[in-house]
Amino acid sequence: MTSLTLSSPQDTIPRKPWSARLSTQQVWGLALLTPYMLVFLAFVVYPVCYGLWLARHPASYVALYHDPIFARAAVNTLIFLIIGINFKMLIALFLSGFFVNTRTWIKWLSVLFILPWAVPSIPTILSVRFMFNPEWGMVNNLIFRFTGEDGPNWLNDPTIALTMAIGMHIWKSLPFWTLILITGRLAIPDDQFEAAEVDGASPWQKFRYVTWPSMRTLYLTCTLLSMIWTLGDFNSVYLLTGGGPADLTHVLATLGIRYLRLDQLDLSMAAIVCALPLVLPLVYVMMKRLSR
Amino acid sequence: MRMPTLREVGVEARLLLIGIPVFIWTMLPLYHLFLFAISPKQDAFAGKLWPDHPTLHNFGIVFGQKHYFLRDFWAQFWNSTVIALSVGVLTLVIATAAAFAISRLRVRGGRLVMNLALFTYFIPAAFLAVPMYRTMGNYGLLNNHWSLILAMVTIASPYAIWVLKQASDKLPVELDEAAIMDGATTPQLFRLVYLPLMLPSLVAVGAYAVLLAWNEYLYAFLLLSKDTEITLPVALGNFLAADDSPWELLMTTGLIYALPPAAMYYAFKRYMVGGLTAGAVKS
């Protein structure tokens with residue numbers, strides 16, 4: 001049969017059926033996913049499996065259980081989570097109400113307010129660390145000038161040091177959460193507030209019956225996400241207190257690194273594995289919320 | 001001009017009562033950093049709120065590398081820059097490809113990849129640090145810039161993919177259909193339709209990855225150790241270990257290190273706030 005000679009391929013070959021086009025698309029799609037899958041396999045799957053393999057000996061967990069520093073770190077982590085996060089999120093909620101104000105000076109303040117989040121942790125944490133140095137720091141210098149007494153040895157008292165690490169964490173992450181909550185507030189339609197105004201609602205009633213119902217889901221999601229990130233906050237503790245004094249201010253995120261530095265790799269992994277029952281349910285809830 | 005009423009004055013006073021503490025709380029550590037950078041050594045340690053003789057001398061020492069601790073300042077600055085930019089570029093390439101495949105090509109298994117990426121995003125990076133350190137050792141990448149670059153790409157990609165996927169889902173499907181009708185191949189669809197429309201999100205994600213890598217301390221100090229190979233934050237951390245740290249120089253270096261990300265943040269603020277708030281929390 002010669003009747004099907006082709007003058008030019010484009011003219012006579014029928015368009016590929018839709019399914020064939022789809023499959024070239026699928027091939028392209030798979031090819032484009034490959035780089036990320038390679039990164040994921042090499043630097044997430046392999047390390048996690050390897051880490052779990054390192055942490056496989058029950059003896060490590062027994063040793064961990066008998067190390068008082070581990071118990072202390074676990075308690076510190078809970079204090080960090082319960083006090084730190086609720087404090088931070090409530091302030092963020094409050095400040096988001098302050099910053100939606102359109103006065104010029106508040107606009108300018110909001111521009112400065114973002115700075116802690118925009119600059120890297122290490123210079124500012126070191127700055128605070130030196131500000132509270134008992135001998136030369138600015139804070140104790142001022143205390144001495146005004147009262148004639150020596151100020152406290154801030155970072156040498158575990159309670160004060162932990163409080164300051166929580167403060168540092170709040171200083172650093174407050175702007176971000178305030179920003180998110182401002183976005184949430186701005187998404188509430190104005191007419192709801194106007195209606196409340198007409199009904200003669202007080203500012204508290206406006207918050208209670210208009211703002212809060214619209215913000216509740218966002219606030220809860222933020223709190224959950226903030227919990228996960230706070231669990232992983234290494235810098236605030238490590239750079240401010242170094243886990244000291246006497247290793248009493250460690251949290252789970254710094255404890256793993258402490259064991260690593262002491263060359264106790266199995267303990268290091270075991271400490272991290274112990275944090276998983278706290279992390280995984282949170283991650284699960286967050287994924288459920290976000291992949292909807 | 002109209003005299004403000006008593007009520008207006010009261011409202012303003014209450015706002016100031018919030019605004020002033022917020023201002024002091026926000027600026028104090030940054031001001032302290034700045035104060036040390038412009039103070040001669042003796043003023044810095046006297047606990048003054050403003051130096052008697054403000055000076056740029058400290059900057060001269062840092063830029064001229066005229067101190068034992070600062071021998072490699074420019075090399076470290078360069079390392080930070082190269083690593084941050086590499087992470088930005090690599091993350092953009094990997095994440096854009098993945099987001100395009102998941103959102104526009106609707107590749108089979110795309111949803112699974114998305115969920116894996118989200119899962120990675122939520123695992124705190126500090127918990128991945130120890131296994132990552134060992135892994136880089138096994139791959140023979142320790143003390144090599146690639147170890148830090150790849151680690152940061154791993155950490156930055158999931159969020160990048162997620163933000164880009166969200167943005168990409170919002171583009172109308174009709175655009176793709178029209179382009180395909182006109183005979184566009186998949187690469188053409190990507191280059192001529194997809195990339196131009198995604199530009200604002202790409203800027204946000206690129207800036208995010210660069211800042212993440214520039215600011216990273218934990219991974220940098222675990223994965224790199226040679227003085228000429230480390231990044232600026234690691235060099236700053238090393239100051240801490242010494243007994244006779246020149247604090248005014250440490251603060252000056254810290255200030256120099258903190259300026260590029262702050263500048264970058266303000267330059268891309270519009271994109272970043274949009275991208276981050278859209279991506280970070282969807283309720």
Side-chain angles (χ1 to χ4, degrees), chain A residues 24-26 28-30 32-33 35-37 39-40 43-44 46-48 50-51 98 106 109 112-113 115-116 118-124 126-128 130-131 136 138 141-142 179-180 183 217-218 221-222 225 228-229 231-232 234-235 253 256-257 260 268-269 272 275 283 286-287 290-291, chain B residues 15 18-19 22-23 26-27 29-30 32-33 45 47 94 97-98 100-101 105 107-108 113 115-116 118-120 122-132 134-135 150-151 153-154 157 161 186 214-215 217-218 233 236-237 247 250-251 254-255 257-258 261-262 265 273 277 280-283:
Chain A
T24 34
Q25 260 198 14
Q26 291 285 323
W28 269 110
L30 288 174
L32 291 173
L33 274 188
Y36 179 67
M37 286 318 289
V39 167
F40 181 75
F43 300 107
V44 181
Y46 175 74
V48 168
Y50 186 66
F98 171 73
I106 293 185
L109 184 58
L112 288 179
F113 180 67
L115 269 171
V119 299
S121 310
I122 191 165
T124 46
L126 295 183
S127 165
V128 170
F130 193 73
M131 210 191 313
W136 316 292
M138 180 196 266
N141 254 310
L142 288 177
L179 202 68
I180 302 282
T183 319
T217 328
L218 178 68
T221 311
C222 287
L225 188 54
I228 301 176
W229 285 348
L231 271 171
F234 169 84
N235 289 347
I257 306 299
L260 181 69
S268 170
M269 268 326 294
I272 289 167
V283 171
M286 274 317 292
M287 285 184 64
L290 290 184
S291 60
Chain B
L15 286 173
I18 302 168
V22 167
F23 177 76
T26 302
M27 295 309 288
L30 295 165
H32 188 248
L33 192 67
F45 285 84
I94 291 175
F100 179 69
L105 302 180
V107 63
R108 246 170 271 139
V113 174
N115 284 335
L116 291 175
L118 263 183
F119 184 76
T120 315
F122 288 133
I123 295 292
F127 291 163
L128 207 57
V130 174
M132 188 83 96
R134 286 301 302 229
T135 302
L150 289 168
V153 168
T154 309
S157 295
I161 293 177
T186 308
W214 176 274
N215 293 353
Y217 174 71
L218 170 59
L236 286 171
W247 280 88
L250 165 66
M251 301 281 197
L255 186 68
Y257 166 65
Y265 170 78
V273 172
T277 49
V281 174
K282 183 183 72 170
S283 58

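By convention in this document, chain letters (A, B, ...) are assigned in the order of the sequence lines, proteins followed by strands, and residues within each chain are numbered from 1.
In this structure the side chain of A/Thr24 never reaches within 4.5 angstrom of the side chain of B/Thr186, judged on heavy atoms. Side-chain contact between B/Thr154 and A/Phe40 is absent, with no heavy-atom pair separated by less than 4.5 Å. For the pair B/Thr26 and A/Pro116, the minimum side-chain heavy-atom distance is below 4.5 Å. When side chains are defined from C-beta on, B/Ser157 counts as touching A/Tyr36, because their heavy atoms get closer than 4.5 Å.
Looking at every heavy atom in both residues, A/Gly29 comes nearest to B/Ala101 through O-CB, 3.3 Å. Contact between B/Phe127 and A/Ala253 at its shortest, heavy atoms only, is CE2-CA, 3.8 Å. A/Ser127 approaches B/Leu33 most closely through the heavy-atom pair OG-N, 3.6 Å. Between B/Leu15 and A/Phe98, the shortest heavy-atom distance links the atoms O-CE1, 3.5 Å. In plain terms, the two heavy atoms of B/Met132 and A/Pro47 that are nearest each other are N-CB, 4.2 Å. Nearest heavy-atom pair, B/Ala262 versus A/Val119, reported as atom, atom and distance to 0.1 Å: CB-CG1, 3.9 Å.
Contacts with chain B were tallied for A/Met37, A/Met269, A/Met131; A/Met131 has the most, counting heavy-atom pairs under 4.5 Å. By number of non-hydrogen pairs under 4.5 angstrom with chain B, the leading residue of A/Leu126, A/Leu231, A/Val128, A/Thr124 is A/Leu126. Ranked by non-hydrogen atom pairs under 4.5 Å with chain A, the options B/Ala151, B/Pro29, B/Ala258, B/Ala98 are led by B/Pro29. Chosen from B/Leu116, B/Leu250, B/Val153, B/Leu236, the residue pairing most often with chain A at heavy-atom distances under 4.5 Å is B/Leu116. Interface summary for chain B: among A/Val48, A/Val39, A/Ile122, A/Val44, the most heavy-atom pairs under 4.5 angstrom belong to A/Ile122. Note: A/Gly232 leads A/Ala275, A/Pro35, A/Gly232, A/Gly51 in heavy-atom pairs under 4.5 Å with chain B.
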(message) Between B/Met27 and A/Leu115, is the side chain to side chain contact (heavy atoms under 4.5 Å, CB included) condition met? List the steps.
(response) CA-CA 8 Å; B/Met27 295 309 288; A/Leu115 269 171; 4.3 Å; yes
(request) Go through A/Met287 and B/Asn115 one step at a time and tell me if the side chain to side chain contact (heavy atoms under 4.5 Å, CB included) criterion holds. (result) CA-CA 8 Å; A/Met287 285 184 64; B/Asn115 284 335; 3.9 Å; yes
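Heavy atoms of B/Tyr217 lying under 4.5 Å from chain A belong exclusively to its side chain. Contacts between A/Leu260 and chain B at a heavy-atom distance below 4.5 Å involve the side chain alone, from C-beta outward. Contacts of A/Leu112 with chain B are made by both backbone and side-chain atoms, with heavy-atom separations under 4.5 Å.
Between the CZ atom of B/Phe100 and the CH2 atom of A/Trp28 there is a distance of 9.5 Å, given to the nearest 0.5 Å. Taken to the nearest 0.5 Å, the CD1 atom of A/Ile272 stands 11.0 Å off from the CD1 atom of B/Ile123. Taking CG from B/Leu105 and CG from A/Leu33, the interatomic distance works out to 8.5 Å, rounded to the nearest 0.5 Å.
When the ring-ring contact (aromatic ring centres under 6.0 Å, His included) test is applied to A/Tyr50, the partners found at least two apart in sequence or on another chain are A/Tyr46.
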